[in-house]
Amino acid sequence: MPGPVIQAPAVSAREAEVLTLLGEHLSNAEIATRLFISVRTAESHVSSLLRKLGLPDRRALARHAAELARTEEPRRAPALPTPLTAFIGRARERGELAEAVASHRLVTVTGPGGVGKTRLALAVAADVAGDFPDGVWFVDLVPVTEPGRVGAAVAAAVGVGEQRGRGIDDAVPAALADRRALLVLDNCEQVRDGVAPFLERLLTACPRLRVLVTSRVRLTVPFERVFPVPPLSRAGGDSSEAVALFLDRAAAAGRLPGPEVGEGVVAVCERLGGMALAIELAAARCSTLGLDGLVAGLSDQLRILAGGPRASDRHRSVRAVLDWSHDLLEPPDQALLRRVAVFVAPFTADAAAGIAGFAPLDPDGVADGLGRLAEHSLLAVTPSATGTRYQALETIRQYGTERLTGAGELTDVRSRHLGWCLAGADALAGAGGADRRARFDAVAEDMRAALAWAAEQPERRADAHRLALSLAGLAFTRNLLGEAQQRLEQAARLADADAAAVALRHAAAVAGCRGLGDDMFRLHRAAAEAARRAGDAAGAGRDLATAATVAYRFSSLFTRVPSAEEAAALLAEAREPAGDAPAAEAAIALAEAAVVADAFGAVQGDTDNTARETVGFAERAVELARRAGDPVAESAALDALSGARSWAGEPFAAAAAARRRIDVLTSASPSPAGPHEPPSFPAGTHEPTSSPAGSHEPTSFPAGSRELIDAPARTHELVDALAMAAGTALGVGALPEARRWGGRLAGHPLLAEAGHHATSWLLVADALTGDAGEVLAGSVRFLDAWERSGRGRSFSLGPAAASVAMIHGLRGDHDARRTWLAIVDEAGAGPEHRRGYGAVFDATVLLHHGDADAALERVAPEPEQVWKWVCWIWLHWYAALRAEAAVLAGHPDARDRIASARIVTAGNPVASAQVDRAEALLDGDLPRRLAVAAAFEAAGCRYQAARTLVLAGGEHAAAGEAALAGLGLAPGAAR
């Protein structure tokens, strides 16, 4: 039967804040930024809320938060931009568009610039928000200059982080798959080639999602319903919608025309064709020109429209009013308007002064000029955490760009904008602080736009390469790993062959951080080709060897696993040009350990490899990497040695090699937290890394970005090292150490959006310790992240899920156990579960409930028969369980099994204690059983300590059952 039910404590004030932000569908990283806490703390609050509120997953929490908000604030508006002016008119269109959104999956609001598409879409989104309990999100695509970044923009708005093993375009559909939500995409025309395929995939995967799009042209995709927006109605004379808009905006500008001028206003609105932007610009001038001056000025401007088609008139009326508004400006303000058009995101007065403040403009007068442009409705003023920012509507920005071209200033101003972005990137690279993320977000789109322009200018190629590298480093620290890889590949295309090889190697490291084996393999091969073009034979040999190693070392991360023949061919090719360069020799030695000796136990590997030979290959790779002075390569070689020692049945040596990896990675640049504290990148400041020998790194890097660029390889290696250190510590019964490394892994920023990978080894450690509360809390984060990531499969996910199933079994909750065993089947690998960790966890549950015969059957094979599945970290556990099951089941060979297990488990405090307990049970030795209980307690294995007391019987059994209940476990059976 299940363990005792404990009254859930009340939700704390901080948890209430987290719950509110979950209702806004923010990611853990975004919650952390908003509340100035760590990502790990945010994740802990989410797990605590799930446990306290008894909810199954993060989506249920978000729904619960939304329900609370509706109860407490019935008129609470959705998370949409708040316009600074009232929405006027369009009652008919508003109702019809709302009906269209309710009836169609995708509605595209079309019309020329300035007709009022965005304001109508926002008003309707607010009207229908109550029909979408899972969220309403607004995405402004104006700053997005690359079609391939549409998915990233949507992900940022929705609060979806990158998921390990998949791109951001895959993560968004997975996160929204079962949500009844509304997505509003504004200004899609300039990236229509990216919007159309993205929405087609999104709507196919998310049947309950609705999308409302604004665009000057239709998308031409399935499901699309086009909703053309007409100009504002002029029917009704001075009571028309167009007149109402004019009067409202004129009043806001400081002068409301009286009733005696109503006919003049009607005439102005008619001449402007009911175009909302044109009416607003005209109304903003009414207070200074008066209605007479306004009519006279517009009459001159609009005379050019005579004779044109009506639809064309409407298009051209906005242009005519923009020309008229522009001509009314003083020359300095005209220059300012066209120059600030290079900004794609809201900008500060200081930024505008730096870019636009040259003759005829005085930099000191830029701030006043921005104010005048805002007064004339040519710029919008938006408050921000860092001060006042300005932004032009897209129509006005495009107009300003045309004027910039006409004035012959386009190249000069874009070059200044590029320089501003480069300087900003350098400043961010060398800065820290809690607001670093927000400061990057404020300028990131301008950096992307500057890079897109510079990349097309042959004379700016060097600057484009520099900005791509800087943006890659900054994106990596922001946990935008997909963009970091993209920018490094872009930098490679912009560089000469020598620098291209370097960028591609770093891109491969980022792909490793993302869990994309195919990309790692592709990029290392591309780096080899670039090195070959640069005449760097040793570098090419190293890259080819690394590609061969990746094929084996990370075989579980591939969608198409390279064949053994393909990897062997790469290794043979690598040997030819490598020469005696230390880095290349080390890389080839590691590839030999991987491909020839299968040190990593790869998918392609041979189960009959010779363990001792494998150790020799790995030891040679470690020594050569050490001589080369490359900590990343040495860590990789130690990983091979750890695996080889494991295959040789030497778990203590395997654990030692895994620990050495962390020492190697941190000792080159000691962390302030101490030699065993893993560096905190990608968050915070980064530690410099020595370049691999023979890598021919470029001599010139963006200021402050050297560490950011180097971070991916070290980060990838460190995260893997933490996982292996935790796993191998479990293998030798070092439970406190396993929990320490598992906790470091769980809190690593790289895994902020991959809670299933982050918590995997901590779950196993807590389960073997017997801490049901920690396991159940951690399992919520694990399951939520696993489901959001697309329910992928990994060698570490299976043991984690199986450990949760074991805890449910020890609690007597067999329905929950069956649920988690089904997750094991989907998340893990079959052979490892059947023969390795599954046998260990299943036998533990069976023994706990007194079914010794079934437990004996579960671990029936000799370790040698299932060696590859049990001799990694499960060998000691497996051998000890076989001995105990044999005793409790009365097997005739029980004493022989105890003797055999004692040899295997020597030095493991938990497994040795279990073997001692088996012998004490066989001999009926009560004092020894009590001594074993103390040994378990000293080893940090409270579950086995409590169970030993139960097995001791008599008065000790009651104490054992009480201890089990304190752990949240069922009493079990004495025999």
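Within the 4.5 Å cutoff, no side-chain heavy atoms of W786 are placed close to those of S794. V603 has its side chain out of reach of F558: every pair of non-hydrogen atoms, C-beta onward, lies at least 4.5 Å apart. Proximity of L768 to W877: side-chain heavy atoms (C-beta onward) are separated by under 4.5 Å at one or more points. Between Y943 and H848 there is a side-chain heavy-atom pair separated by less than 4.5 Å. Between L881 and R858 there is no side-chain heavy-atom pair separated by less than 4.5 Å. Side chains of W761 and L722 form no contact here, defined as non-hydrogen atoms less than 4.5 Å apart. Annotation: side chain of L745 is not in contact with side chain of L762 (no heavy-atom distance under 4.5 Å). Put simply, the side chain of R645 does not reach to within 4.5 Å of the side chain of F652, judged on heavy atoms.
Note that the CG atom of L810 and the OG1 atom of T844 stand 7.5 Å from one another [nearest 0.5 Å]. With values rounded to the nearest 0.5 angstrom, L951 atom CG is found 6.5 Å from L888 atom CG. Distance CG/L735 to OG1/T769: 4.5 Å, rounded to 0.5 Å. From L969, atom CG reaches atom CG of D813 across 12.0 Å, with rounding to the nearest 0.5 Å. Here I662 contributes atom CD1 and M724 contributes atom CE; the two are 10.5 Å apart, rounded to the nearest 0.5 Å. Between the OG1 atom in T759 and the CD atom in E774 there is a gap of 11.5 Å [rounded to 0.5 Å].
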Y837 and I873: CA distance, side-chain angles, deciding distance, side-chain contact (heavy atoms from CB on, under 4.5 Å) verdict: CA-CA 9 Å; Y837 60 82; I873 69 171; over 6 Å; no
Worked check of side-chain contact (heavy atoms from CB on, under 4.5 Å) between H756 and R781: CA-CA 7 Å; H756 49 320; R781 181 186 176 198; over 6 Å; no
message: Before you tell me yes or no, could you show the steps for R947 and E884 under salt bridge (Lys or Arg N to Asp or Glu O under 4.0 Å), namely the whole-Å CA-CA distance, both residues' side-chain angles and the distance that decides it to 0.1 Å?
response: CA-CA 13 Å; R947 184 168 180 272; E884 184 169 304; 2.8 Å; yes
message: Between D720 and R661, is the salt bridge (Lys or Arg N to Asp or Glu O under 4.0 Å) condition met? List the steps.
response: CA-CA 9 Å; D720 185 76; R661 294 179 63 190; 2.9 Å; yes
field: L763/F782 under side-chain contact (heavy atoms from CB on, under 4.5 Å): CA gap, chis, key distance, verdict
entry: CA-CA 9 Å; L763 282 172; F782 177 95; 3.8 Å; yes
field: Criterion side-chain contact (heavy atoms from CB on, under 4.5 Å) on L730 and W874, from CA distance to verdict
entry: CA-CA 8 Å; L730 289 171; W874 312 111; 5.5 Å; no
query: So E919 and R928, salt bridge (Lys or Arg N to Asp or Glu O under 4.0 Å) or not? Walk me through it.
result: CA-CA 9 Å; E919 189 170 53; R928 191 174 181 191; 2.7 Å; yes
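S646 contributes no side-chain N or O that, together with a main-chain N or O of S642, makes up a donor-acceptor pair within less than 3.5 Å. In this structure a side-chain-to-backbone donor-acceptor pair under 3.5 Å is missing from D923 to D925. A donor-acceptor pair under 3.5 Å is absent between the side-chain atoms of W647 and the main chain of T614, judged by distance alone. Side chain of S555 to backbone of A551: no donor-acceptor contact under 3.5 angstrom is found. Remark: side-chain polar atoms of S803 are paired, donor with acceptor, to backbone N or O of A800 under 3.5 angstrom. Remark: the backbone N or O of A602 is paired with a side-chain donor or acceptor of D598 at under 3.5 angstrom. Looking at S900, its side chain never comes within 3.5 Å of a backbone N or O of D896 through a donor-acceptor pair. Remark: side-chain polar atoms of H849 are not paired, donor with acceptor, to backbone N or O of D851 under 3.5 angstrom.
In this structure, H833 has its ring center no closer than 6.0 Å to that of F841.
Here the shortest heavy-atom pairing between L949 and A933 reads CD2-CB, 4.0 Å. The minimum heavy-atom distance between L797 and G792, with the atom names listed, is CD1-O, 3.7 Å. Between A952 and R929, the closest heavy-atom pair is CA-NH1, 3.9 Å. The two residues H876 and P651 have their closest heavy-atom pair at NE2-CG, 3.2 Å. For the pair A805 and L821, the tightest heavy-atom approach, listed with the atom from each and the gap, is CB-CD2, 3.8 Å. When all heavy atoms are compared, the tightest approach of L49 to V18 is CD1-CG1, 4.0 Å.
Residues forming a side-chain contact (heavy atoms from CB on, under 4.5 Å) with R164 (at least two apart in sequence, or on another chain): L557, A754, H757. With sequence neighbours left out, L776 forms a side-chain contact (heavy atoms from CB on, under 4.5 Å) with I807, H808, R811. In this view, R817 and D842 satisfy the salt bridge (charged side-chain N to carboxylate O under 4.0 Å, His left out) rule, not counting sequence neighbours.
With no hydrogens or angles considered, a side-chain donor-acceptor pair links R917 and T948 at under 3.5 Å.
Heavy-atom neighbours of E650 CD from other residues, nucleotides or ligands within 6.0 Å: above the threshold of 12.
Checked for salt-bridge contact, E826 and R793 miss the test: no charged N lies under 4.0 Å from a carboxylate O. The existence of a salt bridge linking E717 and R553 is confirmed by a sub-4.0 Å separation between a basic side-chain nitrogen and an acidic carboxylate oxygen. Comment: D815 engages R818 in a salt bridge, judged by a side-chain N to carboxylate O separation of less than 4.0 angstrom.
Pairs engaging residues 723-737 under the salt bridge (charged side-chain N to carboxylate O under 4.0 Å, His left out) rule: R659-E737 [sequence neighbours left out]. Applying the salt bridge (charged side-chain N to carboxylate O under 4.0 Å, His left out) definition to pairs two or more places apart or across chains, none involves residues 956-972. Applying the salt bridge (charged side-chain N to carboxylate O under 4.0 Å, His left out) definition to pairs two or more places apart or across chains, those involving residues 932-945 are D771-R942.
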